[in-house]
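First comes the structure, then the notes that go with it.
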Amino acid sequence: MIQLKHISKHYPVGFGKNEVLKDVDLTIFPGEFVSIMGPSGSGKSTLLHILGLLEEPSTGEYLFEGEPVQRMSEKKRTQLHRGSIGFVFQAYHLIDELTVYENIETPLLYKNMPASERKSRVADVLDRFNMVAKKDLFPNQLSGGQQQLVGIARAIVAEPRVILADEPTGNLHSDQARVIMQMFKHLNETDKITIIQVTHSEQNAAFGHRVIEIRDGKIQ
Amino acid sequence: MFKNYLKIAWRNLWKQKVFTLINVGGLTIGLTVGLLLLLWVKNELSYDRYNTKWDRIYRLTTDIHVNGSDFISSQVQDVMGPTLVQDYPQVEKFVRLQPQRDIMVQKGHETLQEKKAAWADSSIFEVFTLPLLAGNPKTALTAPFSVVLSETAARKYFQSTDIVGKMLHINNTADYRVTGVMKDMPDASHFHFDFLLSMSERANSRSNNWGNHDYYTYVLVRPGVDNAFLNARLKDITYKYVSPFYQQILHFSLEEIEKQGSHVRYAAMPLSDIHFYANRADQSFIEPSGNIQYVYIFSAAGIFILLIACINFMNLSTARSASRAREVGVRKTLGSQRKQLILQFLSESWLICAMAMLLALVAAAILLPFFSEMAGKKMTINLLDQPQLIVYFIGLLLIVGLLAGAYPAFFLSGFKPLQVLKGKLLSGSNTGGLRSALVVVQFVISSVLIIGTIVIYNQLQYIQHRQIGYDRRQVLVLQNTYPLYKQVNAFREAILRIPGVENGTMTGFLPTGQYRQSPSFFKDRNAAIKDAITTEAWQVDQHYIPTLGMKVVAGRNFDPQNFGTDSSAIIINETAAKMLGFKDPLGKELYDPKTDVSDLRASHIIGVIKDFNFNSLHHPVTPLILRLQEERGSMAFRVKTDHIQDLVEKVRQQWDAMVPGQPFLYAFMDNEFNTLYQADQRTGNIFIWFAVLAIIVACLGLAGLAIFTAEQRTKEIGIRKVHGASVTDIVTLLSKDFIKLVLIAIVIATPLAWYVMNGWLDDFAYRTTIHWWVFLLAGCIAIVIALFTVSFQSIKAALTNPIKSLKTE
Ligand SMILES: Nc1ncnc2c1ncn2[C@@H]1O[C@H](COP(=O)(O)OP(=O)(O)OP(=O)(O)O)[C@@H](O)[C@H]1O
Ligand SMILES: [Mg+2]
């Protein structure tokens with residue numbers, strides 16, 4: 001499904017540069033549930049952003065479902081964002097001007113889904129996250145954890161083929177975290193959705209099939 | 001999807017109430033001004049286009065330059081029109097008009113003065129689009145002593161339009177048969193007549209004389225015939241007919257004239273050009289003509305005010321781009337395409353523009369009567385009558401929306417999602433340069449408008465206070481005193497006996513009037529006609545100079561009691577003295593034709609008077625000769641009283657006693673003087689209003705930016721205050737940058753404004769210069785206004801309790 005070959009990423013810092021990822025090779029198969037772990041600043045988010053087509057690697061090759069990402073047109077990438085990839089941000093990134101309901105609905109709008117189907121899907125997801133009562137609130141009326149839940153709901157509502165989640169439970173109580181993890185596991189097992197998550201918690205990592213350790217930009 | 005955009009747009013607008021208010025308010029003002037100016041410009045450009053054949057109608061003009069003096073006129077020879085049609089099949093029709101400044105029309109026992117009358121060829125209804133409500137347009141003006149009335153005149157005299165066959169007694173001499181009633185001529189026409197009299201009663205309408213230039217002549221050409229063709233044919237005619245005429249009567253040929261660098265030219269002016277480009281000297285016929293410069297100035301002003309409002313919009317959206325940028329990032333990761341984002345941002349600005357447009361339409365509709373009054377023309381905003389207006393409005397809406405929303409739409413939508421999500425653009429500082437540049441643009445425009453306002457005001461003041469060579473205050477003018485006939489002197493004596501009347505003169509030639517006369521004069525008796533000098537020559541009485549407070553600088557005033565020879569005496573003005581070139585003009589003789597050039601009469605110069613302005617100050621003083629001779633056209637009395645209306649009433653009683661039933665028409669000379677500058681005054685007023693509005697809109701934007709900056713820097717302000725900064729320090733800190741921008745704007749605006757306003761002033765023969773202090777004053781005004789706007793916000797920010805702002809962080 002996903003194949004990284006000799007991927008590295010560096011940022012210019014002053015006159016030099018800061019190597020964040022160094023020669024990363026990684027293969028993730030369809031239907032896998034993978035956890036990425038590592039200390040703060042080791043490059044986890046950067047790696048996930050590259051996987052999610054949000055950032056370009058400095059060198060190396062990235063194949064998404066066998067297709068080289070570097071050569072994809074803007075249009076094709078947008079297409080992938082609409083159908084194939086669901087992204088959960090470490091910083092939630094909800095749209096402040098939209099309600100919970102509307103935030104979750106947005107990806108479906110971009111998929112041009114008919115209104116009735118949109119309605120039932122959003123209702124279904126709200127139900128699953130126990131957020132029906134909060135559907136008309138705005139992000140700034142929610143707690144950090146609740147916002148994170150909305151972010152996750154938004155990522156899965158379009159039923160993508162890959163979910164990329166950057167510390168999806170970072171702000172949640174461990175009980176809530178377990179519920180999310182179970183949901184991921186369920187999506188992974190029944191819907192065959194590939195899941196890649198970044199986490200600091202051993203327990204969460206245990207829900208996945210394997211753990212990728214990253215340290216100083218290198219996979220261990 | 002679109003609904004989703006509108007929803008977000010609406011919530012954004014609601015959340016950012018202050019910014020929305022500034023945006024909508026600014027755009028509303030901008031669009032209102034834009035709409036009003038659009039109507040004005042459209043009206044100006046629509047002159048004479050009501051004629052369905054307007055693009056095939058031309059008016060013939062004369063341009064004769066002989067021996068240093070000019071005869072430029074829109075009148076041509078009586079035979080020119082008929083000859084063109086006879087000789088060239090490309091010219092379909094001609095129509096000649098001979099306006100009559102006033103005719104006397106009898107209504108019951110009263111005689112009323114009518115100012116809008118003309119003799120016209122019967123073809124007038126075929127050339128111009130003047131529909132008849134009654135009568136046959138083909139034959140209405142063929143028979144002598146027939147008259148066609150406008151609807152207004154018909155209702156005034158007969159209370160009906162169904163009056164064909166009725167009779168009207170005109171000019172106390174003849175009965176005219178009403179043969180038609182025409183619809184009133186549209187406002188946007190260069191002529192307006194209520195009475196059209198048949199040309200066929202005029203003997204010279206059939207004359208074959210190539211010397212008299214009596215008629216305004218219009219020709220209708222066949223489709224495809226252009227101006228160049230007509231001009232070429234007019235040149236042919238000049239050689240074929242005019243040259244032999246000169247040869248025969250005056251014994252020299254056109255070729256000889258041209259060898260001396262002089263010329264005799266005839267040309268054709270397209271009908272649609274008349275309103276803007278016609279010779280101003282013809283204003284006795286054409287109503288005060290338009291000035292194409294004003295069309296440019298107003299179009300530019302409208303566009304600039306809209307631009308200022310658009311810049312506000314752009315500036316505030318870039319300032320707030322930080323929060324919008326994050327939205328862009330999120331939407332992109334959720335699969336939004338760039339063009340969808342562009343559409344989203346544009347629909348947002350279109351939404352704002354549409355709100356502003358609706359408000360502007362309402363505002364324009366409310367303000368239109370005032371604006372019409374100010375502009376002195378009738379304008380309507382009736383969308384049903386003018387469907388093309390709707391197209392203009394929608395076009396305006398789309399363009400303004402695009403302009404205003406372009407920056408967020410095209411710039412923000414281009415962000416790479418992660419760049420913005422990682423907060424690279426969150427500070428919004430990298431758009432600060434653009435914002436500053438746009439603020440400078442706004443204040444350049446505002447400063448130019450402020451400078452323009454001061455210059456216009458100065459020039460209008462200058463006109464009011466300039467020494468014009470006579471005293472126009474406290475002069476009562478009685479117009480059309482012809483009916484007094486033999487009683488004129490008795491009447492004058494009677495008026496002079498009224499307490500408060502100091503002096504009085506009788507002549508049609510008043511400095512603020514419109515009667516003018518420019519015959520030819522010669523410096524010696526044997527001169528060839530080509531040596532003729534053209535000057536104004538007026539018949540006045542011996543009371544003229546003292547009554548109007550003019551000054552004799554050499555020689556003396558007329559004095560028929562003591563000098564029997566004064567009937568052949570003349571007084572010239574300084575300009576004439578200069579042109580004649582006599583070392584000492586007193587006692588010198590000038591000659592003018594009694595009937596034709598072979599019979600010259602001699603007049604001796606007895607005095608030189610100081611130049612006085614008898615044209616508008618747009619034109620320089622021209623040579624003038626005063627001659628002692630009775631002219632009963634009007635009278636002017638110098639009065640000195642605190643009860644002017646009582647005095648006028650006494651004069652009226654005297655009038656009614658002597659000529660009962662004749663119209664009593666009076667005016668005050670200073671009012672007459674002011675009407676000369678009505679167009680300038682109006683333009684000045686409109687300009688001042690627009691300058692004020694432009695500045696308000698620009699300040700709205702500045703206030704918005706100040707609010708934004710203060711908001712952005714609340715934390716910094718808090719920290720600084722905790723560490724001991726005073727309110728003044730904070731205000732200076734926050735205001736400094738804005739003031740810098742305004743200063744830069746003034747520096748740029750100064751040469752620009754100088755260039756533009758100098759062009760405007762050049763249109764006046766007598767004009768002020770633009771002094772350096774104008775720029776200084778404008779600069780101070782701009783800075784004070786900007787400072788006031790900005791510091792209001794800054795002070796508010798500086799006064800907030802520091803703990804409050806820090807706690808919320
Ligand atoms: N735009 C950038 N410019 C320069 N350096 C950057 C940039 N973005 C990230 N970095 C650096 O890259 C490194 C890795 O960042 P990344 O966000 O991937 O860490 P992380 O493993 O996700 O850490 P955390 O667990 O705290 O989220 C950090 O040292 C960071 O300073
Ligand atoms: Mg991270």
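This structure is a prediction, so every number in the text was calculated from the model and none was measured. Each chain gets a letter, A, B and so on, in the order its sequence line appears, and its residues count up from 1. The basis for the numbers below is simple: all heavy atoms, side chains too, and nothing from hydrogens, waters or symmetry mates.
- With a threshold of 4.5 angstrom between heavy atoms, Thr99(A) approaches chain B through its backbone and through its side chain.
- Contacts between Tyr92(A) and chain B at a heavy-atom distance below 4.5 Å are absent for every atom of the residue.
- Separation of atoms CD1 (Ile95(A)) and CZ (Arg331(B)) is listed at 4.0 Å; rounding is to 0.5 Å.
- Heavy-atom neighbours of Asp216(A) CG from other residues, nucleotides or ligands within 6.0 Å: at or below the threshold of 12.
- The candidate from Leu94(A), Leu54(A), Leu53(A) with the greatest count of non-hydrogen atom pairs under 4.5 Å with chain B is Leu54(A).
- Contact record, Leu334(B) with Arg154(A): CD1-CD, 3.6 Å, taken as the closest heavy-atom pair.
- With a 6.0 Å radius and a threshold of 12 heavy atoms from other residues, nucleotides or ligands, Lys22(A) has its NZ atom above the threshold.
- With values rounded to the nearest 0.5 angstrom, Glu327(B) atom CD is found 7.0 Å from Leu98(A) atom CG.
- For chain B, the nearby part of Lys75(A) is the side chain; its heavy atoms alone come within less than 4.5 Å.
- With rounding to the nearest 0.5 angstrom, the CZ atom of Phe138(A) is 4.0 Å from the CZ atom of Arg11(B).
- The environment of NZ in Lys218(A) is sparse: at most 12 heavy-atom neighbours from other residues, nucleotides or ligands sit within 6.0 Å.
- Across all non-hydrogen atoms, the minimal contact from Arg82(A) to Gln337(B) is NH2-CG, 3.6 Å.
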